[in-house]
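These notes are about the structure you will find just below.
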Amino acid sequence: MSRNKPDHQINGMGGLMAYVFGLSGIINILALTGAFYMLQIYDRALASGSISTLVALSALAIGLYLFQGIFDILRSQILVRLGARLDERLAPLAHKVVIDMPRYGYSTAEATERGRDVDTLRGFLASPGLIALFDLPFMPIYLVFVWLLHPMLGLLTIGGAVVLGLLTLATELLTRRHAKEMLRSAVLRNAVIDSNARNSDIMHSMGITGRAIDRFERANRRHLETQTKTSDISGTFAGLSKVLRMMLQSAILGLGAYLTIKGELSAGSIIASSIVTARALAPVDQAIAQWKGMVAARRSHARLKETLAVITDDDGLLALPAPQESLTVEAITTVAPHTGAVLLSDVSFELKAGQALALIGPSGGGKTTLVRSLLGIWPTLRGAVRVDGADLKQWPASFFSEHVGYLPQDVALMDGTISDNICRFTDTPEPRSIIRAARQAGIHELIVRLPNGYQTELGPNGMSLSAGQRQRIALARALYGDPFLIVLDEPNSNLDSEGEEALMLAITKVRARGGIVVIVAHRPSALQPVDMVGVMQNGKLVAFGPKEDVIKPPAPQLVRQMPERVVAAE
Ligand SMILES: Nc1ncnc2c1ncn2[C@@H]1O[C@H](COP(=O)(O)OP(=O)(O)OP(=O)(O)O)[C@@H](O)[C@H]1O
Ligand SMILES: [Mg+2]
């Protein structure tokens, strides 16, 4: 990804921008056609009464207008393509960050908002606002033209331009305050929408849809208020600028007439100067009218740079040989993203190839936190996780896709078919491996009985399947491709006895082929195929060792009362 250095991505459009700037120069010079035509008609054709001059002038003007039109079309096409190119390059990078953000404690609404920055920027590149910005620097051409007609007219136009410039500045200063608020209210509103949409079952079953709508309405109102304020400011100034521009145009006519009466100006010059003044000030008008879009684009640009700056480059990482020896956890400490609370302190252990560890302990003890840190989902504050001696940070992304299988506690399947999910959306799925993984997870028979078999579309979060079925598909996904390290967070919470049996067998098989399994378990049955047990309590690994040492055999009288009781040794 070093080729795609984000900053370079945003700033590397300089060449094309210079081209557009050049085109804008030509367009603005050609825009003087109307004024010149007017001058020539009044001062030459009318004065001489020559039809042939009139025809020649008209033909010339038509030609120049056509050129202006062609260049105008070319310019907007270039800008649209520039936007598309920018989007093409940046959207995947921004999306990478969007995927990562929830892991660091950001809401999905915040994450998707960041993803939209690219859209905003692309939209702006194709908008009249940007074209106005390109036209603005060429205002002096028109000022010089008017000045040459008569310095007094030039002075009046410059004065008008200065006033309009001040209006633009005022718009900028007044809207700047609201820009941040606009963004925040949008994120808040989207967070409510997101949460409401995800919890429709709860809303319906407990009759709180009305309250959810109220919550949305409040967030939406706040969002609208900031929108209204910003639009009010830019709308007011846009109106002012328009009136001023019209007044100025008439003032130019008036002054022109005065100068003509005094014999200092020709009649053609009056109209020519009026046309040119209008054209000179139009971009200012446009810019003010489009200010809201410009503010949004600028914020998006700044935030996008910030977003892309966090992308870490793992292209430079050397591909290490496939892992086959050990998993070492060295004194890792993990803090919660956002709050900074210590969730895991000083956890160390080691597993060799062929070993399986069961993590047990009370709810909230830190089992999930440990496996998340183990896989680098949450960055560790201190300590290291090593596979075959190499820190996780040294392994390229391909290590995780080839050698790690993970079944999260909240089973989430992705939009796609069963087969897509099992093979993790690889471009080159191997049917035999998919079926093998499904068989190991004990779900193959069930899949082939579905009308579309492995091609069954699962929809959002795999909603078309039962919880136990989802869990087994996720288990098959973790087993796909025989990864070296398999981490299962309560894989049996929704399994029936048949499913559990398949799970136990799968773990035994992984051990036999020299893989490592870490399984979080509440149910003692999960302990059967493992050889090591760790007990997590208050974010600490309070016991770790061979199963027989950690688990005390339950006393005979307890067996009858609590057959599933597991006692941890301290
Ligand atoms: N994103 C988070 N931000 C802050 N604290 C968190 C976060 N996720 C978990 N915790 C806290 O970390 C502690 C350990 O949670 P964890 O999910 O690891 O427990 P667990 O042992 O897996 O429990 P269970 O058996 O219920 O799954 C809990 O006290 C929880 O409140
Ligand atoms: Mg857990």
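Along the sequence shown, the residues carry numbers beginning at 1. Indexing begins at 1, ligand by ligand and atom by atom, following the structure's order.
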* **Glu402 side-chain N/O to Phe399 backbone N/O, donor-acceptor pair under 3.5 Å** => no
* Answer yes or no: is there a donor N or O on one side and an acceptor on the other, between the side chain of Ser348 and the main chain of Ala331, under 3.5 Å? => yes
* To do: Using protein heavy atoms only, decide if any is under 4.0 Å from atom 5 (N) of ligand 1.
  => yes
* Structure fact -> The closest protein heavy-atom partner of atom 26 (O) of ligand 1 is Ser363 OG, 2.5 Å
* Backbone, side chain, both or neither: what part of Gln409 comes under 4.0 angstrom of ligand 1, heavy atoms only? -> side chain
* Note the single closest protein heavy atom to atom 25 (O) of ligand 1, along with its residue, its atom name and the distance in Å. => Lys367 NZ, 2.8 Å
* Taking only heavy atoms of His522 into account, list the atoms of ligand 1 that are under 4.0 Å away from them. => 25 (O)
* **Proximity to ligand 1 by part of Ala336, non-hydrogen separation under 4.0 Å** => side chain
* Asked: Hey, is Glu306 close enough to Arg114 for a salt bridge, meaning N to O under 4.0 Å?
  -> yes
* Asked: Ile447 pairs by side chain to side chain contact (heavy atoms under 4.5 Å, CB included) with which of Ile435, Thr456, Ile422?
  -> Ile422
* Structure fact -> Per-atom filter on ligand 1: closer than 4.0 angstrom to a heavy atom of Glu490 are 25 (O), 27 (O)
* **Identity and distance of the protein heavy atom lying nearest atom 22 (O) of ligand 1** => Thr368 OG1, 2.7 Å
* Side chain Asp194, main chain Asn190, donor-acceptor under 3.5 Å -> no
* **Sub-4.0 Å atoms of ligand 1 with respect to non-hydrogen atoms of Trp378** => 1 (N), 2 (C), 7 (C), 8 (N)
* Asked: Would Thr369 count as a contact for the Mg ion (ligand 2), in the sense that one of its N, O or S atoms lies under 2.8 Å from it?
  -> no
* Given Arg299, Arg222, Lys229, the one that forms salt bridge (charged side-chain N to carboxylate O under 4.0 Å, His left out) with Glu181 -> Arg222
* Asked: Closer than 4.0 angstrom: is that true for some heavy atom of Gly366 and an atom of ligand 1?
  -> yes
* Does even one non-hydrogen atom of Arg372 get within less than 4.0 Å of ligand 1? -> no
* Is the number of heavy atoms from other residues, nucleotides or ligands under 6.0 Å of Tyr106 OH greater than 12? -> no
* Asked: Hey, is Ala341 one of the residues with a heavy atom under 4.0 angstrom from ligand 1?
  -> no
* Structure fact -> In this structure, the Mg ion (ligand 2) sits at the vertex of an angle between OE1 of Gln409 and OG1 of Thr368 that rounds to 10° as 80°
* Asked: How about Arg303: does its CZ atom have over 12 heavy atoms from other parts shown lying under 6.0 Å from it?
  -> yes
* Work out which heavy atom in Lys367 is nearest to a heavy atom in Pro362; give both atom names and the distance. => NZ-O, 3.0 Å
* Minimum-distance protein heavy atom relative to atom 16 (P) of ligand 1 -> Thr369 OG1, 3.5 Å
* Crowding at CZ, Arg198 (>12 non-hydrogen neighbours, <6.0 Å) -> yes
* **Atoms of ligand 1 close to Leu343 [distance to a heavy atom under 4.0 angstrom, numbered from 1]** => 5 (N), 6 (C), 10 (N), 11 (C), 12 (O)
* Please state whether the separation between the Mg ion (ligand 2) and some N/O/S atom of Ser363 is under 2.8 Å? => no
* To do: Please step through salt bridge (charged side-chain N to carboxylate O under 4.0 Å, His left out) for the pair Asp531 and Arg511, ending with a clear verdict.
  => CA-CA 10 Å; Asp531 57 338; Arg511 289 185 59 189; 3.4 Å; yes
* **Identity and separation of the nearest protein heavy atom to atom 14 (C) of ligand 1** => Gly364 O, 3.4 Å
* Asked: Does Arg122 pair with Glu88 as a salt bridge, N-O distance under 4.0 Å?
  -> no
* Can you confirm whether something in the protein, heavy atoms only, sits under 4.0 Å from atom 30 (C) of ligand 1? => no
